[in-house]
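Here the structure is laid out as structure tokens; the discussion comes afterwards.
By convention here, the first residue in the shown sequence is residue 1.
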Amino acid sequence: TPGPWVARQMPHGPWLIQGDTNVAGTAHEGFGPNNEAVEAANARLIASAPDLLAALKFCRSVLAANPAEMSERIAIGKADVAIAAVEETQ
């Protein structure tokens with residue numbers, strides 16, 4: 001489901017992660033201390049996934065423009081692995 005996504009808590013129910021036309025997922029309450037806070041944090045993290053992917057792709061392109069340092073090459077490789085995992089292009 002393409003982004004942007006938003007997280008909305010249903011009354012007395014789970015959080016829905018919604019795109020423009022579809023529900024992209026849900027986050028349900030877990031067990032243990034602070035479970036409501038964890039559920040809300042998980043929902044916000046899931047909802048931010050399209051924006052995080054876009055930011056990673058941008059950062060990768062900036063680094064790839066002139067990768068002078070070994071750390072930049074390593075960062076590009078790690079970004080490539082993460083992007084491939086999301087886009088199933090491994």
Side-chain angles (χ1 to χ4, degrees):
T1 303
W5 295 349
V6 295
R8 291 192 175 94
Q9 187 173 25
M10 300 304 293
H12 310 291
W15 285 77
L16 295 181
I17 294 82
Q18 297 176 295
D20 288 338
T21 58
N22 296 329
V23 173
T26 60
H28 295 271
E29 188 173 318
F31 298 101
N34 301 319
N35 54 352
E36 289 180 16
V38 170
E39 178 185 10
N42 287 341
R44 289 190 302 271
L45 178 61
I46 294 166
S48 68
D51 294 330
L52 292 170
L53 178 60
L56 178 60
K57 286 180 175 181
F58 176 76
C59 290
R60 190 235 178 265
S61 70
V62 170
L63 286 172
N66 189 17
E69 301 292 327
M70 179 58 88
S71 60
E72 292 169 338
R73 291 186 198 102
I74 292 169
I76 291 167
K78 290 181 179 281
D80 287 342
V81 169
I83 292 166
V86 171
E87 296 180 342
E88 298 183 2
T89 58
Q90 289 185 340

Distance from [X] atom [atom1] to [Y] atom [atom2], nearest 0.5 Å?
| X | Y | atom1 | atom2 | answer |
| --- | --- | --- | --- | --- |
| L63 | I74 | CG | CD1 | 12.0 Å |
| E39 | R44 | CD | CZ | 10.5 Å |
| C59 | I76 | SG | CD1 | 11.0 Å |
| L16 | W5 | CG | CH2 | 13.0 Å |
| W15 | M10 | CH2 | CE | 11.5 Å |
| L56 | D80 | CG | CG | 8.5 Å |

Exercise. Between A47 and A7, which heavy-atom pair has the shortest distance, and what is it?
Worked result: CB-N, 3.8 Å
Problem set entry | Heavy-atom pair with the smallest gap, counting every atom of K57 and I83 | CG-CD1, 3.7 Å
For this session: Ignoring hydrogens and angles, tell me if any N or O in the side chain of R73 forms a donor-acceptor pair with the backbone of P67 under 3.5 Å.
Result: yes
